There are 2 protein chains.
Amino acid sequence: MNEDKSADEKTGRGTVRTITDLARLAGVSPGTVSRALAGKSLVNTKTREKIEAIAREHGFRPNQMASGLRRQKTGVIGVVIPLGHDSRQQISDSFFMTLLGFLADELTRQGYDLMLRRVVPENDADWLDRFIGSGMIDGVIVIGQSDQFDRIEDVADGYGPMVVWGNHTEGQRHCVVGTDNRLGGRLAAERLIAAGAKRLAFLGDTTAIEFAARFAGAQDAARRMDLPPVMALPTHLSPERAAEEIAAHIAAHAGAIDGIFAATDTLAALCLTELHARGVAVPGDIKLAGFDDLPIARQTVPPLTTVRQDIAAGARGLVDLLLRRLAGEQTESLILPAQLVARQTA
Amino acid sequence: MNEDKSADEKTGRGTVRTITDLARLAGVSPGTVSRALAGKSLVNTKTREKIEAIAREHGFRPNQMASGLRRQKTGVIGVVIPLGHDSRQQISDSFFMTLLGFLADELTRQGYDLMLRRVVPENDADWLDRFIGSGMIDGVIVIGQSDQFDRIEDVADGYGPMVVWGNHTEGQRHCVVGTDNRLGGRLAAERLIAAGAKRLAFLGDTTAIEFAARFAGAQDAARRMDLPPVMALPTHLSPERAAEEIAAHIAAHAGAIDGIFAATDTLAALCLTELHARGVAVPGDIKLAGFDDLPIARQTVPPLTTVRQDIAAGARGLVDLLLRRLAGEQTESLILPAQLVARQTA
DNA sequence: CGGAAAAATGCAATCGTTTGCAAATTGCGC
DNA sequence: GCGCAATTTGCAAACGATTGCATTTTTCCG
């Protein structure tokens with residue numbers, strides 16, 4: 001008991017756990033305490049101050065589970081990363097992680113907590129409904145459509161507070177925030193072409209819809225310039241697999257191409273290393289462009305030409321739209337512009 | 001109403017929201033439904049199957065808030081990243097993000113959800129108590145001690161289910177999982193010395209306790225070899241600030257040192273770029289070593305000699321210890337070995 | 001000082017699930 | 001078919017905070 005007491009003195013945990021305990025100490029009813037702590041105007045300033053003082057002294061915090069249950073809202077936003085086309089993508093891909101960081105900051109700023117879930121849709125077809133139906137979250141942000149576009153569309157019909165990071169497709173029903181991937185792809189390809197490349201290749205997994213759009217953009221550029229179609233070189237994102245796949249692609253096609261557009265900077269950096277190892281000059285023999293403008297793009301040798309996504313703006317957009325949907329508003333998707341960052345690989 | 005119905009048919013949300021709704025449909029009492037869904041042995045197999053069937057058909061999920069409230073446990077583990085010594089560290093430092101990824105996987109595997117919070121202790125002295133006292137989490141994992149060692153120690157006395165990623169200090173009271181930073185620092189310095197360096201410098205912010213230990217390890221090695229003490233070059237982790245700070249350090253000391261031990265690979269990569277820009281040969285003029293063995297360490301030119309931390313093992317350790325503490329066990333800290341990865345910068 | 005309006009507080013139901021205990025049902029041996 | 005034990009079920013009270021409504025207290029004005 002001595003232990004209990006000293007712990008309580010120091011940390012304030014222990015004696016006053018519930019609003020009722022606090023009410024007893026303050027000599028009022030639990031209802032009044034609730035109102036005082038919620039800062040409602042109905043309670044006398046003096047009583048409020050007294051209650052606040054006792055609360056502070058004992059380090060009291062109202063139980064959010066109980067509060068959530070009663071008010072039918074939790075103050076928690078779910079963030080889910082579906083790992084559809086490539087289970088280990090996220091670990092390697094610092095893009096998603098950076099976005100997550102900004103999201104955490106932005107949600108905190110708005111008074112929400114963040115519940116994170118990574119799911120593997122092929123093991124668990126029900127991933128999105130499960131999360132939404134758990135009763136633990138007020139809304140959900142999906143980071144990346146992966147290969148789950150249809151699943152997300154289905155849910156969007158019946159569930160409002162959802163916003164998705166990804167690619168916008170004409171006529172889709174779920175609200176997305178994302179970069180104009182097709183434009184970005186076109187910009188990258190145009191740059192490669194302007195630098196002298198004529199036979200282009202695309203490095204990435206086009207079953208992911210964002211990447212497919214980047215590929216399509218590159219294809220647009222090639223067609224417009226009357227060049228042969230861009231060759232698709234399927235590549236996973238996990239570093240182990242990507243490295244060998246890239247090596248194989250280059251071994252097979254190095255002579256036949258003179259421009260590579262990589263779906264992400266991470267892949268581009270890997271590709272650069274591999275080209276370097278094989279003695280292929282960049283941008284001399286082969287021009288190279290990436291996508292994302294991650295910190296690594298600045299640090300490769302030579303520094304990487306790439307397409308910039310504004311991650312911070314993306315996070316702000318996601319949260320902003322979600323909050324408006326939470327408030328009952330209907331919202332349109334938000335497409336952020338892509339911007340070419342010309343460095344030295346093309 | 002038509003809308004409602006069709007939404008329900010597709011997604012199963014709508015009609016059967018509570019266990020009571022389900023009970024009515026099944027013709028039993030809510031208690032029985034609860035037991036059936038929890039898989040308790042007390043309920044007749046036939047009734048259970050019927051209940052499960054109806055639940056599946058309507059996509060019913062029990063409300064976790066209510067369940068949590070009643071059972072006094074939430075199934076959620078809090079993960080908090082204190083941003084003490086450098087507010088933007090996390091965004092740049094892919095180490096923490098990678099650890100977070102593994103943590104998410106490991107917690108999911110164990111049936112827990114993850115609630116993520118980033119806090120700035122200087123705005124909010126109460127950050128840890130607040131999180132713990134929210135009633136939303138069963139336990140907490142703190143990623144990085146930052147400059148909050150004392151705060152964490154205080155809490156550890158009164159609150160069991162907490163495990164911290166960071167550095168272990170003799171006699172501390174909170175349970176930590178982390179790499180043997182001092183050993184790692186020594187290994188790095190020894191390698192620099194073996195490669196011929198005699199006047200070493202340490203790049204990093206030694207107010208962060210993990211970094212201080214790495215620095216101390218390097219100092220040990222220098223002392224043991226009768227070399228002059230390692231020079232401390234304070235550097236923040238955020239890429240913008242780090243870049244200029246490093247440039248300044250190098251401008252000021254390039255001639256006076258021939259070995260640099262960077263507190264993280266990210267800093268090492270930045271440093272390498274800067275040295276390269278100034279025409280300093282690595283490892284010819286200056287030897288360089290990093291820490292972490294992030295993917296980037298493989299991709300610099302030349303590839304980075306560094307000290308490997310086993311991030312996946314760290315995540316497993318954190319979760320394992322936390323679960324044992326949740327079960328009431330007392331646990332010791334877990335120190336993972338550091339391992340030198342010799343590449344080409346030293 | 002009386003009385004009505006305004007302000008502050010208390011009461012009790014409620015959110016949805018779990019669980020101890022009591023009641024009802026079933027099974028079984030004779 | 002009876003009695004007793006073993007299974008299944010139902011009942012109702014929690015968990016802790018919120019809130020509509022009723023009640024009390026205060027304020028203010030004539």
Side-chain angles (χ1 to χ4, degrees), chain A residues 13-52 54-55 58-76 113 130 132-138, chain B residues 13-52 54-55 58-76 113 130 132-138:
Chain A
R13 254 171 284 113
T15 14
V16 181
R17 243 175 10 81
T18 77
I19 223 173
T20 314
D21 297 339
L22 183 43
R24 198 177 314 119
L25 274 192
V28 297
S29 77
T32 304
V33 173
S34 173
R35 282 182 276 249
L37 262 29
K40 306 228 177 186
S41 56
L42 307 87
V43 33
N44 184 303
T45 314
K46 226 146 176 202
T47 341
R48 182 212 309 293
E49 278 163 3
K50 181 168 159 199
I51 291 175
E52 280 170 348
I54 303 183
H58 289 81
F60 170 79
R61 334 225 169 258
N63 182 312
Q64 289 204 50
M65 286 262 150
S67 164
L69 178 58
R70 172 63 227 240
R71 301 190 333 192
Q72 298 291 82
K73 53 169 64 180
T74 64
V76 180
D113 266 314
R130 256 244 293 284
I132 290 170
S134 71
M136 287 281 269
I137 58 178
D138 291 341
Chain B
R13 253 170 288 112
T15 15
V16 182
R17 241 176 12 80
T18 78
I19 223 172
T20 313
D21 297 339
L22 183 42
R24 197 178 314 118
L25 273 191
V28 297
S29 79
T32 303
V33 173
S34 172
R35 283 183 273 249
L37 262 29
K40 306 229 178 191
S41 55
L42 306 88
V43 30
N44 185 302
T45 314
K46 221 137 178 212
T47 342
R48 180 212 312 296
E49 278 164 3
K50 179 170 162 199
I51 292 174
E52 281 170 347
I54 303 182
H58 293 269
F60 170 78
R61 333 223 171 262
N63 182 312
Q64 289 203 51
M65 285 263 151
S67 164
L69 177 59
R70 171 64 226 236
R71 300 189 332 189
Q72 297 291 84
K73 54 170 62 179
T74 64
V76 180
D113 266 313
R130 256 246 290 285
I132 291 170
S134 71
M136 287 282 270
I137 58 179
D138 291 340

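Below, chains carry the letters A, B, ... as their sequence lines are ordered, and counting in each starts from 1. Just so you know, these numbers come straight off a predicted model, no measurement behind them.
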Whole-Å distance separating the CD atom of A/Q72 from the P atom of C/dT14: 14 Å
note: B/K73, atom NZ; D/dG16, atom P; distance rounded to Å ~ 15 Å
Between B/V43 and B/A66, name the one whose nearest nucleotide on DNA chain D is closer to the 5' end. B/V43
How close or far is atom C1' of D/dT18 from atom CD of A/Q64, stated in whole angstroms? 14 Å
Are the side chain of B/K50 and the backbone of B/A26 linked by a donor-acceptor contact shorter than 3.5 Å? yes
side-chain contact (heavy atoms from CB on, under 4.5 Å) evaluation trace for A/D21 with A/R24: CA-CA 5 Å; A/D21 297 339; A/R24 198 177 314 119; 3.7 Å; yes
Short N/O separations, protein against nucleotides 24-26 of chain C, under 3.5 angstrom:
none

Starting the side chain at C-beta, find the nucleotide from D/dT9, D/dG16, C/dT18 nearest to B/N44. D/dT9
Report the distance from atom CE of B/M136 to atom P of D/dG16, rounded to the nearest whole Å. 16 Å
Have a look at the helix from C/dC1-D/dG30 to C/dC30-D/dG1 and give the angle its two end axes make, five pairs each, rounded to 10 degrees. 30°
Quick one: pull up CG in B/L25 and CZ in B/F60 and give me the separation to the nearest 0.5 Å. 11.0 Å
If the condition is side chain to side chain contact (heavy atoms under 4.5 Å, CB included), which residues does B/S29 pass it with, not counting sequence neighbours? B/T32
Rounded to whole angstrom units, what separation is found between the CG atom of A/N63 and the C1' atom of D/dT18? 13 Å
Can B/V76 and A/M136 be said to form a side-chain contact (heavy atoms from CB on, under 4.5 Å), step by step? CA-CA 10 Å; B/V76 180; A/M136 287 281 269; 3.2 Å; yes
Could you pull out all residues at least two apart from A/N63 that satisfy side chain to side chain donor-acceptor pair (under 3.5 Å)? none
Between D/dA17 atom C1' and A/L69 atom CG, what is the distance in whole Å? 9 Å
Kindly give the heavy-atom pair with the smallest separation between B/P30 and B/I19, and that separation in Å. CB-CG2, 4.0 Å
What residues in residues 22-37 of chain B put a non-hydrogen atom under 4.0 Å from any atom of DNA chain D? B/G27, B/V28, B/S29, B/T32, B/R35
From NZ of A/K46 over to C1' of D/dT26, roughly how many Å is that when rounded to an integer? 13 Å
Between B/R17 and C/dG16, does any side-chain N or O lie under 4.0 Å from OP1 or OP2? yes
Return the CZ to CG distance between A/R70 and B/L69, rounded to the nearest 0.5 Å. 13.0 Å
Side-chain contact check for A/T18: nearest option of D/dT18, D/dT9, D/dG16 is D/dG16
So, is A/R71 close to the C/dC15 phosphate, meaning a side-chain N or O under 4.0 Å from OP1 or OP2? no
Quick one: CG on A/L22 to NE2 on A/H58, what's the gap to the nearest 0.5 Å? 8.5 Å
Point-to-point distance, once rounded to the nearest 0.5 Å, from CD of A/E52 to OG1 of A/T47: 10.5 Å
Counterpart residues, side chain to side chain donor-acceptor pair (under 3.5 Å), relative to B/R130 (two or more places apart): B/D124
Can you say whether a donor on the side chain of A/R70 sits under 3.5 Å from an acceptor on the base of D/dT18, or the other way round? yes
Can you tell me how far C1' of D/dG16 sits from CZ of A/F60, to the nearest Å? 9 Å
Separation between OG1 of A/T74 and CE of A/M65, rounded to the nearest 0.5 Å: 8.5 Å
Does a side-chain N or O from B/S67 land closer than 4.0 Å to OP1 or OP2 of C/dT18, or not? yes
